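Heads up, the thing below is written out as structure tokens.
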Amino acid sequence: MKTRLKSAVEKALQNCYAAKTLVSGELPEFAIEVPNHTDHGDFAVNVAMMLARPEKKAPRQIAQLLVEQLEQQEGMWDKIEIAGPGFVNFFLSKSCWYAVLDDIYAKGAQFGRSDVGAGRRVQVEFVSANPTGPLHIGHGRGAATGDAVASVLQEAGFDVQREYYINDAGNQMDTLGRSIFLRYCQLQGRDVEFPEDCYQGDYIRTLAQQAIDEQGDHFLQMDDVEAIAHFSTTGGEAIRSGINADLQQFGINFDNWYSEQSLYDRDLVKAGIETLTRDGYTYEQDGAIWFRTTDFGDDKDRVLVRSNGVTTYFASDVAYHREKYERGFDIVIDVWGADHHGYVPRMKAVLAALGRNTEDLQIILVQLVNLLREGEQVAMSTRSGKFVTLKEVIDEVGKDACRFFFLMRRSDSQLDFDLELAKKQSTENPVFYVQYAHARVCSINRNVQESGLSLPQPGDAEVTKLQLPEELALTRMLARYPEVVVGAALSYEPHRITFYLQELAAQFHSYYNQHRVIVDDRATSCARLYLVNAVKIVISNALNVLGVSSPDKM
RNA sequence: GCGCGAUUAGCUCAGCUGGAUAGAGCAUUGGCCUCCGAAGCCAAAGGUCGCAGGUUCGAAUCUUGCAUCGCGCACCA
């Protein structure tokens, strides 16, 4: 709808230039906006103000010339006004809004889809937690965010792949093996010390116990190094499948699991370093190989190969990202914990050194989650191994509440997750509030069907019966949905969908409480059913993008 | 010390990339069920958009400085 208006305005502008009433010939990037106030119409355009300077005319005067041109066009509008400092306000005709309802039914679950992505290939890499422990609540937020970003991009017509990067190389895997081995020894009655830098969580003991149950003291017989290597492998696999199970429960399916080790196996890490060296971005100092990231705005150069010959994590990240683009992705999105923000400049430097636009890498930083129970913060510390796992939270509050709560804030702002609130079945709980709106429509439908009537199909509802301001406002709200999706996709901000849903649900509940859907007049009932079922479709589509279900009954 | 990010109603936060009178939800106060789900709705009240300059037709939004808070600053991953 915005795009149609925009082209109408552009045409009017061209006509002004052709008629020489305007002379600058400029076509500024003007905006079509939805005004805050209904007095200001359905849409407003600010182009007259933007042209004031080049035209050396008063904005309202320019607006007048534009309006004269616009009025000659066949309009979707009833009225155009000039207002304020020089806005042109459009009051669309009702038939225009009614058409939205037909569109919603015609597209159904597809309503909200667009092709602004034009099939461009995007990879979203998220979670990517080390396979050294179960997912905790912080990973959950990253998971919900990454998955929703991916979905919203798909809705906007991008070709999206979801990827999980497994950090299965490097000494953390060794630490994991050692941790399990030491617990194993302890459980076998050996008096060994358990160092602080080992993983402290109870799950390590569980894994050790499993080894005992299955193979007894077998590992005490063999060489320590060998035993540790064994535990490193089997432990890593066990934890990884646990992570996968948690993600499944959370409704998240990755298209690809990508192993860091595989980069080494294919010599890609070496190749990445060689590319940088060939292009003159590296140097040697103190026995180490450095990447001159300061050439690209980083505040310090970074080591790729340590003086002991071991490559750094950053080196494999260079290889990994280089390889992502070789796989043909136009845009790569990394979802990280916000505590890694210091890492951003060096990753951008990688892009620049590879000769790519740094915008081709988007990094979404996800802030901390404060878990609250009865208003008190639940203490968490990864070091001590005392943390609340994602699974525990999903089991307690459910997948839907969990996902919705994670998406209730912008990802880069901290989030208080109130466990009591998430479980509450009342208006205070935003998830229930939104889902309830959906269930309510379903309930109305059941009543209709029980009384032997059928639900309206496109074409047999007399939409002109929808004359109430609340009905038109609700329809306008529905019409906005596709634009909300596009905005959320292009800005990588899935929380916009969450806010939209709360607004839509509020407007629906308000309407429901003021007016009965089923009334004596059959045609009116039919039209209202048509409207509320359109609301149902849009709520369902939007919840689906967030990975939240749309229950018929609650 | 340097860098990044925050600062909007009592609390938690939005603010559509510079637009018109800055908005929600909690919390507070007062109302609404002989009626499709009260698991809901309506109303009131609540503001120096951290402070001070700058940019322009126009700033919560962009810019500079300052203040407070958080997070980063490894030849760790």
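Chain naming here is simple, since letters A, B, ... match the order of the sequence lines and numbering starts at 1 in each. Computed from a predicted model, the values in this text were never measured in an experiment.
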Original post:
Is it true that A:E237 and A:R240 make a salt bridge, defined as a side-chain N closer than 4.0 Å to a carboxylate O?
Top reply: no
Original post:
Is the shortest side-chain N/O distance from A:R346 to OP1 or OP2 of B:C73 below 4.0 Å?
Top reply: no
**OP:** Could you check whether A:S443 gets within reach of a base, just the sugar-phosphate, or nothing at all, counting any heavy atom under 4.0 Å?
**Re:** base
Original post:
A:A288 near the nucleic acid: base, sugar-phosphate alone, or nothing, with a heavy-atom cut-off under 4.0 Å?
Top reply: base
For nucleotides 1-3 of chain B, print each protein N/O atom paired with a nucleotide N/O atom at under 3.5 Å, atom names and distance only.
residue	atom	partner	partner atom	Å
B:G3	N2	A:H341	NE2	2.9

Original post:
What form does the base of B:U63 take, syn (within 90° of 0) or anti?
Top reply: anti
Original post:
Which part of the nucleic acid, if any, lies within reach of A:S510 when heavy atoms closer than 4.0 Å are counted: base, sugar-phosphate only, or nothing?
Top reply: sugar-phosphate
**OP:** Return the value, rounded to whole Å, for the distance between atom CG of A:L407 and atom P of B:A14.
**Re:** 13 Å
Original post:
How many Å lie between CG on A:D301 and C1' on B:C75, as a whole number?
Top reply: 13 Å
Subject >> Atom C1', compared across B:A24 and B:G15: separation rounded to whole Å >> reply: 10 Å
Just the atom pairs and distances: protein N or O near nucleotides 44-50 of chain B's N or O, under 3.5 Å.
none

Subject >> d(CZ, A:R53; C1', B:G18) in whole Å >> reply: 14 Å
Original post:
With the threshold set at 4.0 Å, does a side-chain nitrogen-carboxylate oxygen contact exist between A:E125 and A:K324?
Top reply: yes
**OP:** Take the protein atom CD of A:Q507 and the nucleotide atom P of B:C41, then report the distance between them rounded to whole Å.
**Re:** 12 Å
Original post:
Could you give the CZ-to-P distance, from A:R496 to B:G15, as a whole number of Å?
Top reply: 7 Å
Subject >> Distance between C1' atoms of B:A44 and B:A6 (Å, rounded) >> reply: 33 Å
Original post:
Between A:R528 and A:E471, is there a side-chain N and carboxylate O pair less than 4.0 Å apart?
Top reply: yes
Subject >> C1' spacing across the pair B:G47 / B:G23, given as an integer number of angstrom >> reply: 12 Å
Original post:
For A:Y343, which contact category applies under a 4.0 Å heavy-atom criterion: base, sugar-phosphate, or nothing?
Top reply: base
Original post:
Would you call A:R480 and A:E503 a salt bridge, taking side-chain N to carboxylate O under 4.0 Å as the test?
Top reply: yes
**OP:** Determine the contact category for A:K300: base if any of its heavy atoms lies under 4.0 Å from a base atom, sugar-phosphate if only primed atoms, P, OP1 or OP2 are that close, otherwise nothing.
**Re:** sugar-phosphate
Original post:
For the side chain of A:H509, counting heavy atoms from C-beta on, which of B:C41, B:C75, B:G19 is nearest?
Top reply: B:C41
**OP:** Flag the pair A:Y258 / A:Y320 as yes when their ring centroid distance falls below 6.0 Å, and as no otherwise.
**Re:** yes
Original post:
Looking only at atom P, what distance separates B:C51 and B:A59, rounded to whole Å?
Top reply: 15 Å
Subject >> Closest heavy-atom pair and its distance - A:S232, A:M173 >> reply: OG-O, 3.0 Å
Original post:
Taking the C1' atom of each, how far is B:G19 from B:C62, in whole Å?
Top reply: 14 Å
**OP:** Assign each of A:H495 and A:D286 to its nearest nucleotide of RNA chain B by heavy atoms, then name whichever residue's nucleotide is nearer the 5' end.
**Re:** A:H495
Original post:
Considering all heavy atoms of both residues, which atom of A:L478 and which atom of A:Y500 are nearest to each other, and what is their separation?
Top reply: CA-OH, 3.6 Å
Original post:
Going by the angle between their ring planes, with limits at 30° and 60°, are A:Y512 and A:F508 parallel, tilted or perpendicular?
Top reply: tilted
**OP:** Pick base, sugar-phosphate or nothing for A:H438, based on heavy-atom distances below 4.0 Å to the nucleic acid.
**Re:** nothing
Original post:
How are the rings of A:F417 and A:F405 set relative to one another: parallel (under 30°), tilted (30 to 60°) or perpendicular (over 60°)?
Top reply: tilted
**OP:** Please determine if A:K79 forms a cation-pi arrangement with A:F90, meaning its NZ or CZ atom is less than 6.0 Å from the six-membered ring centre and no more than 45° off the ring axis.
**Re:** no
Subject >> Side-chain touch A:R302/A:W290, heavy atoms, less than 4.5 angstrom >> reply: no
Original post:
Taking the six-membered ring where the residue is Trp, are the ring centres of A:F291 and A:Y283 under 6.0 Å apart?
Top reply: no
**OP:** May I have all residue pairs that pass salt bridge (charged side-chain N to carboxylate O under 4.0 Å, His left out) and include part of residues 41-55 of chain A, sequence neighbours excluded?
**Re:** A:D42-A:R476
**OP:** Find out whether A:F43 and A:L92 are in side-chain contact, i.e. whether some heavy atom of one side chain is under 4.5 Å from a heavy atom of the other.
**Re:** yes
Subject >> Residue-level proximity of residues 409-416 of chain A to RNA chain B when a heavy atom falls under 4.0 Å >> reply: A:R409, A:R410, A:S413, A:Q414, A:D416
At a cut-off of 3.5 Å, list every protein nitrogen or oxygen paired with a nitrogen or oxygen from nucleotides 20-28 of chain B, distance to 0.1 Å.
residue	atom	partner	partner atom	Å
B:A20	OP2	A:N36	ND2	3.2
B:A20	N6	A:N89	OD1	2.7
B:A20	N1	A:N89	OD1	3.3
B:A20	N1	A:N89	ND2	3.1

Original post:
When Watson-Crick pairs (N1 to N3 and N6-O4 or O6-N4) and G-U wobble pairs (N1-O2 and O6-N3) count only below 3.5 Å on both distances, what is the dot-bracket string of RNA chain B, with | for other-strand pairs?
Top reply: (((((((..((((.....[...)))).(((((.......))))).....(((((..]....))))))))))))....
Original post:
Taking atom C1' of B:C13 as reference, at what distance in whole Å does atom CZ of A:F405 sit?
Top reply: 13 Å
Subject >> Between C1' of B:C73 and CG of A:D339, the distance in whole Å >> reply: 13 Å
Original post:
Quick one: on RNA chain B, does A:H340 or A:E493 contact a more 5' nucleotide (nearest heavy atom)?
Top reply: A:E493
Subject >> Between P of B:C36 and CG of A:L455, the distance in whole Å >> reply: 18 Å
